[in-house]
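The first residue of the sequence shown is numbered 1, and numbering continues consecutively from there. As the structure is a prediction and not an experimental result, all values here were calculated from the model.
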Amino acid sequence: MTDVVAAALRLTDEQIAVRTVAGRSDGDRMSTRDRQGRPIDRNPKGVATVTHDNEQPPPTVVMSRMLDGFLLSQALFVLAEAGVATILDEEGPQTVAVLAERTGSDADALARLIRIVTPHGVFRAADDKVAVTPLGATLSEKHPQSLYGIAVGSMHLHYRAVGELAHTLRTGEPAARKYFGTTYFDYIATNPELAELFGRAMTVFANTMRAGMFDGYRLPAGDTIADLGGGDGTVLVELLRQDGHRDRRGVVFDLPGVVEAAHATLAAAGMAERVEVVAGNFFDDVPHADIYLLSWILHDWNDADAAKILRTVAASAAAGARLLVAELVVPPTDAPHPSKGMDLVMLSLLGGKERTANEYRILLNNNGFDLDRVVPTSSPIVILEATRL
């Protein structure tokens, strides 16, 4: 093990956190935390003092940490794609030299990247080797709760495009359009490798963000449910598996180049006879059904385009037909919530948006539907139930 990574993995209590240099107005002190999470202040002479838990670090220190966030995320992206976490999760602790050889990396650069993320609980020391923690293991490609797809997808599809966020601020146009020279989805469609990467990332989202979304949920009455923008059919299969009405039939509806994948999903689930696969565009027309599902669809679009989708559905639906909108809903408080970060993704990449419950109520009411209720789930996503007027 190199001296660099050995030092990183055997940090003392006074060195356990990433050091952030405060501004000159704070005496150029360094702030760290000990193993109990207590902040440590170090003056230029190197004398460290542990402050009490109720003492907050200076605003300059907090802001410096926030501004440095991109360094940590980029290190995690790179380490995930290189396969470091995958190797450690699958094969156990390894030396930096072995990891460098296995991943085709420069040993010194790899050791320094490991040093960056170790204080955040991603790796730990195992004698003279590096081991992955349960937190770091989520970056393994083979982990059952893997976030590998999101890490790599974010690096290639999101990170660089969001670098044009100032363009979005000035114009309201998605940063991705300026960076890629076309729309986000059109750019992905031109590159099979990116399309595959996007699909993997969406699968991870489905397995994490949407996990448990339908647990205990009872579908409204109706003989047929159509999943609009249903992709490979995974969401509809999950919903029908939990449905108590075995005679209820389904429709997976999506673009021709997308929905073909649903045949394999339905066959594997034993639902090929129960669920019909239909190709089309929900801006033009949708199949007739008693219940319509829009799962993580409306947030992709601005209000004008979302209204077009809803009007298309309303034109096909009979009075009294039900619409289920599964989305993140922005809470009316300043508290952290996944919807707020996702809203920035929508703003910068697609021009879409996350909405509050009241914004959804207005959007639905103005386009042929009445919002009946908002159903919380065990996931961050809620189900908005509406009825065709």
Side-chain angles (χ1 to χ4, degrees), residues 147 150 154 158 162 168 172 174 184 201-220 222 225-231 234-236 238-239 242-243 282 286 291-314 317 321-389:
L147 298 179
I150 290 180
S154 294
H158 298 175
V162 175
T168 301
Y184 178 76
M202 291 303 98
T203 298
V204 174
F205 272 117
N207 292 337
T208 55
M209 185 74 76
R210 296 192 297 200
M213 182 171 66
F214 298 124
D215 288 354
Y217 179 71
R218 296 177 62 88
L219 280 168
I225 177 170
D227 186 2
L228 308 180
T234 299
V235 172
L236 185 58
E238 179 186 354
L239 185 56
Q242 300 193 39
D243 184 21
F282 50 44
V286 299
I291 308 166
Y292 294 90
L293 172 65
L294 288 168
S295 177
W296 259 31
I297 298 297
L298 293 181
H299 79 150
D300 286 343
W301 306 96
N302 60 33
D303 287 341
D305 286 333
K308 291 178 184 178
I309 295 170
L310 291 173
R311 287 197 294 269
T312 302
V313 178
R322 305 302 298 278
L323 173 64
L324 311 179
V325 177
E327 295 281 3
L328 294 168
V329 170
V330 182
T333 69
D334 291 333
H337 190 269
S339 62
K340 298 177 182 179
M342 186 58 66
D343 188 49
L344 180 57
V345 173
M346 295 298 106
L347 174 67
S348 57
L349 297 184
L350 303 178
K353 64 187 297 187
E354 304 300 331
R355 298 173 173 90
T356 65
N358 190 54
E359 287 173 330
Y360 272 114
R361 183 183 302 278
I362 294 171
L363 182 64
L364 290 163
N365 289 354
N366 288 345
N367 294 285
F369 292 90
D370 184 40
L371 179 61
D372 301 318
R373 63 174 184 152
V374 179
V375 183
T377 73
S378 58
S379 77
I381 294 174
V382 305
I383 300 172
L384 300 102
E385 294 184 350
T387 300
R388 175 69 171 96
L389 297 172

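Between Leu298 atom CG and Leu364 atom CG the span is 7.5 Å, to the nearest 0.5 Å. Residue Leu294 holds its CG atom at 7.5 Å from CZ of Phe282, rounded to the nearest 0.5 Å. Atom CG of Leu328 is separated from atom CG of Asp343 by 10.0 Å, given to the nearest 0.5 angstrom. Of the inter-residue distances, the one linking Leu363 atom CG with Asp303 atom CG reads 6.0 Å to the nearest 0.5 angstrom.
Remark: Ala211 engages no residue in a side chain to side chain contact (heavy atoms under 4.5 Å, CB included) (not counting sequence neighbours). With sequence neighbours left out, the side chain to side chain contact (heavy atoms under 4.5 Å, CB included) criterion links Thr234 to Asp232, Thr265. Listed by chain and number, the residues in a salt bridge (charged side-chain N to carboxylate O under 4.0 Å, His left out) with Lys308 are Asp305 (sequence neighbours excluded). Not counting sequence neighbours, the partners of Ser339 by the side chain to side chain donor-acceptor pair (under 3.5 Å) test are His337. In this structure, the side chain to side chain donor-acceptor pair (under 3.5 Å) partners of Asn367, at least two apart in sequence or on a different chain, are Arg311. For Arg322, the salt bridge (charged side-chain N to carboxylate O under 4.0 Å, His left out) partners two or more places apart in sequence, or in a different chain, are Asp372, Glu385. Every residue was checked against the salt bridge (charged side-chain N to carboxylate O under 4.0 Å, His left out) condition with Glu327, not counting sequence neighbours, and none meets it. Residues satisfying the side chain to side chain contact (heavy atoms under 4.5 Å, CB included) criterion with Thr356, sequence neighbours excluded, are Val330, Asn358, Glu359. Scanning for side chain to side chain contact (heavy atoms under 4.5 Å, CB included) contacts around Ala317 gives Tyr292, Ala321, Arg388, with sequence neighbours left out. For Tyr184, the side chain to side chain donor-acceptor pair (under 3.5 Å) partners are His158, not counting sequence neighbours. With sequence neighbours excluded, no residue forms a side chain to side chain donor-acceptor pair (under 3.5 Å) with Arg218.
Side-chain contact between Trp296 and Met213: absent, with no pair of heavy atoms (C-beta onward) separated by less than 4.5 Å. Between Asp227 and Leu239, the closest side-chain pair of non-hydrogen atoms is not below 4.5 Å. A heavy-atom distance below 4.5 Å is not found between the side chains of Thr312 and Leu228.
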Distance-only donor-acceptor hits, side chain of residues 344-354, under 3.5 Å, sequence neighbours excluded:
unit_1	atom_1	unit_2	atom_2	d
Ser348	OG	Leu344	O	2.7
Ser348	OG	Val345	O	3.4
Glu354	OE2	His299	ND1	2.6

(message) Let's go through Leu371 and Val325 carefully: what are the C-alpha distance in whole Å and the side-chain angles of both, what is the deciding distance for side chain to side chain contact (heavy atoms under 4.5 Å, CB included) to 0.1 Å, and is it a yes or a no?
(response) CA-CA 10 Å; Leu371 179 61; Val325 177; over 6 Å; no
(request) Would you check, one step at a time, whether the test side chain to side chain contact (heavy atoms under 4.5 Å, CB included) holds for Val235 with Phe214? (result) CA-CA 9 Å; Val235 172; Phe214 298 124; 3.7 Å; yes
(message) Run Tyr360 and Val382 through side chain to side chain contact (heavy atoms under 4.5 Å, CB included) and show every step you take.
(response) CA-CA 12 Å; Tyr360 272 114; Val382 305; over 6 Å; no
(message) I'd like to know whether Ile225 forms a side chain to side chain contact (heavy atoms under 4.5 Å, CB included) with Leu219, so could you lay out the CA-CA distance, the side-chain angles of the two residues, the decisive distance to 0.1 Å, and finally the verdict.
(response) CA-CA 9 Å; Ile225 177 170; Leu219 280 168; 3.8 Å; yes
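Judged by distance alone, with hydrogens and angles left aside, the side-chain atoms of Lys340 form no donor-acceptor pair with the main-chain N or O of Pro331 at under 3.5 Å.
Arg355 approaches Ala306 most closely through the heavy-atom pair NH2-CB, 3.8 Å.
With respect to Val329, the side-chain contact (heavy atoms from CB on, under 4.5 Å) criterion is satisfied by exactly one of Ile381, Ile383, Leu384: Leu384.
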